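Okay, so here's the structure we're looking at.
Note that this is a predicted model, so its numbers are computed, not measured. Scope of the values below: all heavy atoms of this structure, side chains included, with no hydrogens, waters or symmetry mates. Numbers restart at 1 for each chain; the letters A, B, ... are given by sequence-line order, proteins then strands.
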There are 2 protein chains.
Amino acid sequence: MASRRVTLADVARLAGVHPATASRALNQVDGSGLVSPATVARVTAAANRLGYRPNPVARSLRTRRSHTVGVVIPDLANPLFPPVIRGIEDRLAEGGYVALLANTDDDPAREHQLLERMRERHVDGLVLATVRRGTPEPAGPGEEDLPVVLVNRVAEDRALPAVAADDVSGIRLAVAHLVSLGHRRIGHVAGPQDLSTGAGRLRGFRLGMAEQGLEVGPADVVVAERYQVAEGLRCARQLLAQRPRVTAIVAANDMLALGCYRALAEAGLACPQDCSVVGFNDMPFVDQLSPPLTSVRFDHYAMGREAAQLILERLATPGCPTKVVYLPPELVVRASTGPAPRGGPGTEGRAGRRRAD
Amino acid sequence: MASRRVTLADVARLAGVHPATASRALNQVDGSGLVSPATVARVTAAANRLGYRPNPVARSLRTRRSHTVGVVIPDLANPLFPPVIRGIEDRLAEGGYVALLANTDDDPAREHQLLERMRERHVDGLVLATVRRGTPEPAGPGEEDLPVVLVNRVAEDRALPAVAADDVSGIRLAVAHLVSLGHRRIGHVAGPQDLSTGAGRLRGFRLGMAEQGLEVGPADVVVAERYQVAEGLRCARQLLAQRPRVTAIVAANDMLALGCYRALAEAGLACPQDCSVVGFNDMPFVDQLSPPLTSVRFDHYAMGREAAQLILERLATPGCPTKVVYLPPELVVRASTGPAPRGGPGTEGRAGRRRAD
DNA sequence: TTGTACGCGTTATCAC
DNA sequence: GTGATAACGCGTACAA
């Protein structure tokens, strides 16, 4: 029936101490003897008895810390992110923090507005999955700088703490796998080059091909503007047009790989009989596709946890060194990759067979 | 270079008025003349000049309203929800509100804890996609009650505002479609019966079958405990075991339909040649499955917007009547449904063919 | 119409 | 060690 929330003053009254003392007693880090153990006991007892919960708003007003971390995601609809968010939330909760989530839909204007809102709300730090190369300062100039951690992105100069998959290694795995299956004419549908993942994976492609003694000509790479199925379709169409004898495509992520599927179907090519496809991220559901997608996998949930860990460290120790964490990738081989066709694709013999609707 | 945030006092000083006056001038609803137009002009000018942004924390402490709405989702990894969340966020932003997002992973304990955190943070209202039948009071008894809106759920007695698809109509569409393809032995993998969607869709199934003059025996329905692929697999296995001659399965949602795919593959049955499958929700990516899934579709983004609309109405007019909004469903026919097999499935002639790995 | 004074709930900084 | 006091930034009765 007690309708009003119980406040610190109530606790103090019950414990027979001044509110300030109660505050100290409750916020006490164990050991530092600023307040007598007896009072601590009495106050905590009173707090428990009354079911006292501090008011975070009042606390935030006073301390200018909100125990809230802003998490900015480019696209919630990308299945990559839910596990990442879960990881962030879980680790943050362990540290007593809450995530304020926002997604920008890749719209810089929207992102700017969201970041402004987050500053207003006194978020203590930011976890960004949106940062583009060339805009390392996420919050505009002149502002007091919030702690920032990048996730699934890395700053060009590694000046910001970050957690991401080892893009280069991952793509090299993919290339090596394809070569082991006999592929030689391999194309790359690259990601946006203003994203660290897009640039890193393209670098990995060139490196991996070189390691295998294969050349990469200008026509072997088509760069997507965004990580979306439609872009994958566009790029794969172009790739097939300018390199009709390609037998395998490495896509910079799974969304683009989906676009490649469509382009192959359009062209009357079967996957993997005529052309193999490899993705990146191993998103949920790609094992249910037709054909199930071979993809470079890493632990998304762990990436989220690690990002939260970094921001917590940074909040606890503002000056701590800037860490960049790379997660080890592995290749999950499924049915979208197979032996290189012997006659070569694009020859009339194999085209025009069964196609997805 | 101005490092400190500009505060109301700064604005007042520049405008040459008392802070209280500045406050009134800025919070003024147009028309009601509590403050002279001249001062309003001066104050707003000063505010713009300084780039004043009110401190939401202080305001929230004072007014006990945070302009924040808690949004609780059972499972972020379900692709149904991202568009819903987008809809909620967008509409909320138009009304000057922010969404505080949380996902419970279907864990009531976790949900309880999250709701507590949200209360602490002074959320002004709640949008819940988690409510189960039998627990209409989401926040525990005796507490001051926050405005609540349900999304993708409906309270048993319709006592709470809610937005959801018209489950009954949707399933009837599915049944009618299957019957028109010649199916007569149709099974249902039902959703959890403590969720309004699970119960409503089961009701729709019985109704739809009755309309078509078909009987529903106890063995024709298997009830899933959760909306997950693994549960769909379990239920479909059971259904196939107890009704081997079934030629079509209506799944209560797309996740369960995915489980049905697996069960059919296990049993060596081809979809749709041996057995058709219909899902519900038309999640993103189900058009990319093998085979592309026939599913009952409704506008997820619109559902989110509508839910936000309802909570905004409720915040503006606390006593307003309780609305329950049903969204019209439509059937998206893809390749997972086809004509009923003539010989009937489960006969040895067709079993044991190609199977997914 | 505007200024005065106070309180929202907490914590930081002084004294004692 | 603990109590008193002020302040975080804003909104709002009340007085003028």
Gap between atoms CZ and C1', on A:R64 and D:dA7 respectively (whole Å):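 For the pair A:R64 CZ and D:dA7 C1', the rounded distance is 12 Å.
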Interatomic distance, A:R65 CZ vs D:dG9 C1' [rounded to whole Å]: 20 Å
Those residues that, when tested against B:Q113, pass side chain to side chain contact (heavy atoms under 4.5 Å, CB included) (two or more places apart):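 Testing B:Q113 for side chain to side chain contact (heavy atoms under 4.5 Å, CB included), a comparison that skips the adjacent residues, returns B:R117.
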Test side chain to side chain contact (heavy atoms under 4.5 Å, CB included) applied to B:A9 - qualifying residues, sequence neighbours left out: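 B:T7, B:R13.
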Structure string for DNA chain C in dot-bracket form, Watson-Crick and G-U at under 3.5 Å, | interchain: |.||||||||||||||
Not counting sequence neighbours, which residues clear side-chain hydrogen bond (donor to acceptor under 3.5 Å, both in side chains) with [X]? List them please.
| X | value |
| --- | --- |
| B:T197 | B:Y227 |
| B:R49 | none |
| A:Y52 | none |
| A:R62 | none |

Sugar-phosphate only, base, or nothing, as touched by A:T39 at under 4.0 Å among non-hydrogen atoms: sugar-phosphate
Residue closer to the 5' end of DNA chain C, B:L61 versus B:G16 (nearest nucleotide): B:G16
Gap in Å between the two P atoms, one belonging to D:dA15 and one to D:dG11, rounded: 22 Å
Pairs flagged by salt bridge (Lys or Arg N to Asp or Glu O under 4.0 Å) wherever residues 87-100 of chain A is involved - sequence neighbours left out: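 Residue pairs with at least one partner in residues 87-100 of chain A: A:R86-A:D90, A:E89-B:R110, A:D90-B:R110, A:R91-A:E94, A:E94-A:R305.
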Nucleotide-resolved protein contact map, nucleotides 10-16 of chain D, B/S/- at heavy-atom distance under 4.0 Å: BBBB---
Positive for side-chain contact (heavy atoms from CB on, under 4.5 Å) with B:V43, one of B:N48, B:T21, B:V11: B:V11
Any A:S60 side-chain nitrogen or oxygen under 4.0 Å from OP1 or OP2 of C:dT10: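 No, A:S60 has no side-chain N/O under 4.0 Å of OP1/OP2 on C:dT10.
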